[in-house]
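When a residue number appears, it is its place in the shown sequence, counting from 1. What you see below is based on every heavy atom in this structure, not just the backbone, and it leaves out hydrogens, waters and symmetry mates.
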Amino acid sequence: MTARIAQLTSRALVRVSGPDARSFLHNLLTQDVESMGDGELRFGALLSPPGRLLFDLFIQCINCIDGIMLLDVAADRRDALIQRLSMYRLRARVAVEADDQPVFVCWDGEVESFAPDPRTPALGGRRYGGDVVTNAGEDDWQAHRLGVGVPDPTRDAPDDKTYPIEANFDLLNGIDFRKGCFIGQETTSRMKRRGSIRNRMLPIAFDGPPPPTGAELLNGELRAGEVLTGRDGHAMALVRLDRLEGDLTVDGRQVSVRRPAWFLTEP
């Protein structure tokens, strides 16, 4: 099977460079940046001080010795990320600027020069810049992502309202709990340590078009969660883990919750 390749115009890049680039990002993000090697791709987030998601992002070390890093973020959030990082820069010897190279993804096969998606191998790979021939569109990619059961935090997590563990960052290699401090670490680590995780994003299946975002998921007469973004037959939902068993409905339609292969915990 020929691998599918698409350009994601919904994503954009930020270049962080300078002698302090790695330590600067390491102290802010949920991911370990100090131990990255050239070309390596990792998934992480920048949180608010109370520990809620502000920006989901990928980090790639282009030249670790010289301190050249790329951040892959939602295109409509790039300026906000640059502004936020600049606020934290203080005396750090770093430059933060937009990088206009395109973002590409591949799936259904390996493609040379694409770095493996760090969330799960089933998603495929990512590449930044270069002369790449595409044979699929962004909508095809979104359908593939949803089929793998991975949420898109930019679409599914309202700004500064969702905890990263609710969006499965801990199960998708988006949080390094062994590293030092990062913004929002106290709340994030406490949720993981105490196991106080009531809600998670999981894919749901149903017949027909997707319910509107925010539609209530019911278990009998009890609220079991809410629908996030989706397409015909499939959507993501933020669900209560203690109400997954039973008769689930949305707007009177039967709904089933699917636990993807990467979902390693037992609610």
Side-chain angles (χ1 to χ4, degrees), residues 1-16 25 29-31 33 36-46 53 55-62 68-78 81 98-157 164 167-169 171-175 201-203 210 228-236 258 260-263:
M1 179 183 294
T2 302
R4 311 292 301 281
I5 301 174
Q7 181 179 345
L8 300 185
T9 58
S10 65
R11 306 291 295 188
L13 300 176
V14 173
R15 177 179 290 256
V16 180
L25 293 175
L29 306 181
T30 61
Q31 189 53 259
V33 180
M36 294 181 69
D38 284 356
E40 186 176 356
L41 185 67
R42 292 185 181 177
F43 177 57
L46 178 62
L53 274 170
F55 304 91
D56 66 285
L57 45 81
F58 295 86
I59 312 114
Q60 188 170 52
C61 191
I62 303 302
I68 301 175
M69 317 291 296
L70 285 181
L71 304 180
D72 166 355
V73 67
D76 61 359
R77 300 282 290 143
R78 178 168 68 175
L81 176 60
D99 187 305
D100 290 330
Q101 295 181 92
V103 176
F104 297 100
V105 289
C106 72
W107 68 100
D108 289 345
E110 296 183 4
V111 180
E112 187 178 357
S113 78
F114 277 68
D117 193 304
R119 294 171 292 180
T120 170
L123 282 173
R126 299 176 89 88
R127 171 177 168 156
Y128 306 127
D131 186 13
V132 177
V133 177
T134 62
N135 58 11
E138 182 158 350
D139 190 61
D140 300 316
W141 158 251
Q142 298 298 350
H144 171 68
R145 174 190 59 78
L146 193 56
V148 177
V150 173
D152 179 348
T154 300
R155 296 167 177 241
D156 297 321
N168 303 315
F169 274 66
L171 306 181
L172 294 167
N173 303 311
I175 305 172
M201 293 181 184
L202 286 172
L228 304 173
T229 61
R231 57 200 305 122
D232 287 358
H234 302 277
M236 296 301 302
R258 178 167 59 89
W262 54 262
F263 189 73

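- Contact detail for Ala6 and Gly137: the closest heavy-atom pair is CB-O, 3.6 Å.
- The shortest side-chain heavy-atom distance between Ile5 and Val133 does not fall under the 4.5 Å cut-off.
- At least one side-chain heavy atom of Arg119 sits under 4.5 Å from a side-chain heavy atom of Phe58.
- Using a 4.5 Å cut-off on side-chain heavy atoms (C-beta onward), Asp76 and Ser10 make no contact.
- Residues passing the salt bridge (charged side-chain N to carboxylate O under 4.0 Å, His left out) test with Arg42, sequence neighbours excluded: Glu40.
- A salt bridge is absent between Asp56 and Arg77; no separation between the charged side-chain nitrogens and carboxylate oxygens falls under 4.0 Å.
- Taking all atoms of both residues into account, the shortest heavy-atom contact from Pro151 to Ala167 is CG-O, 3.7 Å.
- Between Leu123 and Trp141, the closest side-chain pair of non-hydrogen atoms falls below 4.5 Å.
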**Request:** Check the pair Gln60 / Asp72 against side chain to side chain contact (heavy atoms under 4.5 Å, CB included), numbers first and verdict last.
**Result:** CA-CA 8 Å; Gln60 188 170 52; Asp72 166 355; over 6 Å; no
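- Judged as a side chain to side chain contact (heavy atoms under 4.5 Å, CB included), and not counting sequence neighbours, the contacts of Ala143 are Arg231.
- Formation of a donor-acceptor pair under 3.5 Å by the Glu138 side chain with backbone atoms of Thr9 is found in this model.
- Here the closest heavy-atom approach between residue Ala3 and residue Gly109 is recorded as CB-O, 3.7 Å.
- Side-chain contact between Arg155 and Gln142 is present, with heavy atoms from C-beta onward closer than 4.5 Å.
- The distance from atom CZ of Phe263 to atom OG1 of Thr120, rounded to the nearest 0.5 Å, is 13.5 Å.
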**Request:** Step by step, work out the side chain to side chain contact (heavy atoms under 4.5 Å, CB included) result for Arg78 and Val14.
**Result:** CA-CA 7 Å; Arg78 178 168 68 175; Val14 173; 3.5 Å; yes
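- Taking the salt bridge (charged side-chain N to carboxylate O under 4.0 Å, His left out) definition, one finds that Arg258 meets it with nothing, sequence neighbours left out.
- Within the model, atoms CG of Leu70 and CD1 of Ile62 stand 4.0 Å from one another, a figure rounded to the nearest 0.5 Å.
- Here the straight-line distance linking atom CG of Leu8 with atom CZ of Arg126 works out to 5.5 Å at 0.5 Å rounding.
- A parallel orientation is assigned to the rings of Trp107 and His144, their planes being inclined by less than 30° (bins at 30° and 60°).
- Two residues are said to be in side-chain contact when any heavy atoms from C-beta on lie closer than 4.5 Å; Tyr128 and Val103 meet this criterion.
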**Item:** side chain to side chain contact (heavy atoms under 4.5 Å, CB included) assessment of Val33 paired with Met36
**Value:** CA-CA 6 Å; Val33 180; Met36 294 181 69; 4.2 Å; yes
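- To the nearest 0.5 Å, atoms CG (Leu57) and CZ (Phe43) are separated by 8.0 Å.
- Under the rule for a salt bridge (charged side-chain N to carboxylate O under 4.0 Å, His left out), Arg145 has no partner lying at least two apart in sequence or in another chain.
- Asp140 is linked by a salt bridge (charged side-chain N to carboxylate O under 4.0 Å, His left out) to Arg4, counting only residues two or more places apart in sequence or in another chain.
- Of the possible donor and acceptor atoms, none in the side chain of Thr134 sits under 3.5 Å from a partner among the backbone N and O of Gln7.
- With a 4.5 Å cut-off on side-chain heavy atoms, Thr154 and Arg11 count as touching.
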**Asked** Stepwise, does the side chain to side chain contact (heavy atoms under 4.5 Å, CB included) test hold for Phe114 with Val132?
**Response** CA-CA 11 Å; Phe114 277 68; Val132 177; 4.2 Å; yes
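- For Pro116, there are no side chain to side chain contact (heavy atoms under 4.5 Å, CB included) partners, not counting sequence neighbours.
- Here the shortest heavy-atom pairing between Leu53 and Pro153 reads CD1-CB, 4.3 Å.
- The two residues Met69 and Cys61 make their nearest non-hydrogen contact at SD-SG, 3.5 Å.
- Here the side chains of Pro164 and Ile175 are in contact, with some heavy-atom distance below 4.5 Å.
- Annotation for Asn173 and Pro118: closest pair ND2-O, 2.8 Å, computed over non-hydrogen atoms.
- For the pair Asn168 (side chain) and Met201 (backbone), a donor-acceptor distance under 3.5 Å is present.
- Atoms CG and CG, from Leu46 and Leu71 in turn, are 9.5 Å apart once rounded to the nearest 0.5 Å.
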